[in-house]
Asker: 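One structure, as structure tokens, below. Some questions next.
Counting from 1, the numbers follow the sequence of the chain as shown. Keep in mind the model is a prediction, meaning the values are calculated, not measured.
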Amino acid sequence: MIRARLAEKLIKEGFRPKEAAAALNVTQAAVTQYLKRKRGGNAPALASIDHLVDPLAEKLVRRLRSGLGGIETTELMETARQVMVMSRGRTVARAPPNRPEREEALRVLRERLQLELTAAEKYLELSNKTADDYSKMLLRMIAADSIRHGDVVSQVISWLEAGREAEFEMPGRAILESLVALEDSAHEASLTKSIHIGHPIARLLFQWIDADEEKHEKIVSKMLKLEADRARSRRRGAPR
């Protein structure tokens, strides 16, 4: 479905079907079927994902005109994940709770899920109307965060419904320690401090990245502490 929408947008931008096929890593016959709506979804379904596909389409158009190649599989997968999160999130937000003892928590979570999905749509809509590239990117990053938040809340709702909230596994200590070291290095290489750029929104984007790195460092450090606490608990409970 995403490739079908991208094919339509590339043709609309003046690319030939052969060029669109190469950019999307499909055959020219597949592009022809996309354009005839014989493959990749119907018209309403395609239109419903426009706000998620537009950022990828714009990036792809710029890349092709600069001779930098076509779409990356990881980019397709990330957009597909966002489409799935938004679609699943709407279903979860509307579903009535089936565990009455958690009804209030589930109600609050569903309300938050709906807010995150609505926010994502609004930010994406606004980004598509914004001419400045930096502002467009910032708005799309906020939208992507709201989609991620919605994904988390949706998963927690599912776990609560299934009664699985107490079950969890931790990565090994060595893995967590390597991640902490990695985040320490990223935190030290602050873009805000090392790069001077005139565009105020670009500066905000660098601040965003630095704040994310700081957040990652704190979260992974807390995961490492959880792992250490669990290890101590296991040692205390082990038979002598």
Side-chain angles (χ1 to χ4, degrees), residues 1-95 110 113-133 135-155 157-158:
M1 189 186 296
I2 294 166
R3 277 196 176 101
R5 202 56 172 154
L6 287 171
E8 291 184 355
K9 290 177 182 293
L10 288 177
I11 297 301
K12 193 174 292 186
E13 288 289 331
F15 292 95
R16 293 173 296 172
K18 183 178 180 180
E19 294 171 319
L24 299 174
N25 196 27
V26 296
T27 64
Q28 190 170 339
V31 169
T32 300
Q33 289 186 317
Y34 290 151
L35 298 176
K36 292 181 178 179
R37 300 285 173 87
K38 292 183 177 180
R39 178 175 173 179
N42 55 35
L46 290 173
S48 71
I49 64 170
D50 259 357
H51 58 294
L52 293 168
V53 174
D54 280 344
L56 185 55
E58 289 179 16
K59 184 192 297 185
L60 181 56
V61 167
R62 286 198 299 270
R63 191 180 295 166
L64 291 173
R65 286 177 175 160
S66 301
L68 298 177
I71 200 77
E72 298 287 343
T73 302
T74 51
E75 294 170 321
L76 279 172
M77 290 176 66
E78 174 59 20
T79 302
R81 186 193 67 81
Q82 291 184 347
V83 171
M84 291 168 66
V85 168
M86 296 290 284
S87 176
R88 180 176 181 276
R90 292 188 187 98
T91 301
V92 171
R94 290 193 297 264
R110 283 194 170 86
L113 175 57
Q114 187 59 59
L115 285 172
E116 295 289 358
L117 298 178
T118 301
E121 290 178 342
K122 294 294 184 184
Y123 278 110
L124 285 168
E125 182 182 342
L126 184 58
S127 75
N128 292 335
K129 297 177 180 177
T130 303
D132 178 70
D133 284 340
S135 298
K136 189 187 295 285
M137 182 178 292
L138 184 59
L139 291 168
R140 286 173 176 173
M141 287 172 63
I142 297 173
D145 267 5
S146 290
I147 292 172
R148 283 192 288 270
H149 298 165
D151 194 12
V152 171
V153 175
S154 177
Q155 289 292 338
I157 290 172
S158 298

Asker: Heavy atoms only: give me the nearest A7-V31 pair and the separation to one decimal.
Answerer: CB-CG1, 4.4 Å
Asker: Please tell me if the side chains of K9 and D54 come closer than 4.5 Å, counting only heavy atoms from C-beta onward.
Answerer: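 Yes. Closest side-chain heavy atoms under 4.5 Å.
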Asker: Would you say that M137 contacts K59 through its side chain, given a criterion of any heavy-atom pair below 4.5 Å between the two side chains?
Answerer: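 No, too far: nothing below the 4.5 Å cut-off.
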Asker: Nearest 0.5 Å, please: how far is CD1 in I147 from CD in E78?
Answerer: 8.0 Å
Asker: Any chance you could measure E116, atom CD, to S154, atom OG, to the nearest 0.5 Å?
Answerer: 12.0 Å
Asker: Under 4.5 Å between any side-chain heavy atoms of R16 and Q28, yes or no?
Answerer: no
Asker: Hey, are the side chains of P55 and Q82 touching, using non-hydrogen atoms and a 4.5 Å cut-off?
Answerer: no
Asker: My understanding is that only one of R140, K122, E125, E121 makes a side-chain contact (heavy atoms from CB on, under 4.5 Å) with H51; could you say which?
Answerer: E121
Asker: Check R148 with D151, please: is the shortest side-chain N to carboxylate O separation under 4.0 Å?
Answerer: no
Asker: Side chains of L6 and L76: closer than 4.5 Å at any heavy-atom pair?
Answerer: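 L6 vs L76: side chains touch.
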Asker: Check whether more than 12 heavy atoms from other residues, nucleotides or ligands sit under 6.0 Å from atom CG of D133, and answer yes or no.
Answerer: yes
Asker: Taking side-chain contact (heavy atoms from CB on, under 4.5 Å) as the criterion, tell me which of T118, V152, V153 meets it with L113.
Answerer: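 It is V153, the one option of T118, V152, V153 that forms the side-chain contact (heavy atoms from CB on, under 4.5 Å) with L113.
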Asker: Do you know which two heavy atoms are closest between V83 and I2, and how far apart they sit?
Answerer: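 What the structure gives for the nearest pair is CG2-CD1, 4.4 Å.
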Asker: Supply the atom-to-atom distance S127 OG to E58 CD, rounded to the nearest 0.5 angstrom.
Answerer: 7.5 Å
Asker: Taking the side chain as everything from C-beta on, heavy atoms only, tell me whether Y34 gets closer than 4.5 Å to V26.
Answerer: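 Sidechains of V26 and Y34: in contact.
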Asker: Answer whether the closest heavy-atom distance between the side chains of E8 and L35 falls below 4.5 Å.
Answerer: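 A side-chain contact exists here, since the closest heavy-atom pair is under 4.5 Å.
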Asker: Looking at CG of L60 and CZ of F15, how far apart are the two atoms once the value is rounded to the nearest 0.5 Å?
Answerer: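 Taking CG in L60 and CZ in F15, the distance rounds to 7.5 Å.
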Asker: Between E13 and R62, does the salt bridge (Lys or Arg N to Asp or Glu O under 4.0 Å) criterion hold? Intermediate values first, please.
Answerer: CA-CA 11 Å; E13 288 289 331; R62 286 198 299 270; over 6 Å; no
Asker: Which pair of non-hydrogen atoms, one from I71 and one from R63, has the smallest distance, and what is that distance?
Answerer: CA-NH1, 4.1 Å
Asker: Give a yes-or-no answer on whether the side chains of R5 and T79 include a donor-acceptor pair shorter than 3.5 Å.
Answerer: no
Asker: If you define the side chain from C-beta out and look only at heavy atoms, does anything of L10 sit under 4.5 Å from L64?
Answerer: yes
Asker: If you measure from CE on M86 to CZ on R81, what distance do you get to the nearest 0.5 Å?
Answerer: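 Separation between the atoms: 11.0 Å.
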Asker: Please report the interatomic distance CG(L138) to OG1(T130), rounded to the nearest 0.5 Å.
Answerer: 10.0 Å
Asker: Looking only at non-hydrogen atoms, find the nearest pair between A119 and S146 and report the distance.
Answerer: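 Scanning both residues completely, I find the closest heavy atoms to be CB-OG, 3.9 Å.
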Asker: Got a donor-acceptor contact below 3.5 angstrom from the N128 side chain to the L124 backbone?
Answerer: yes
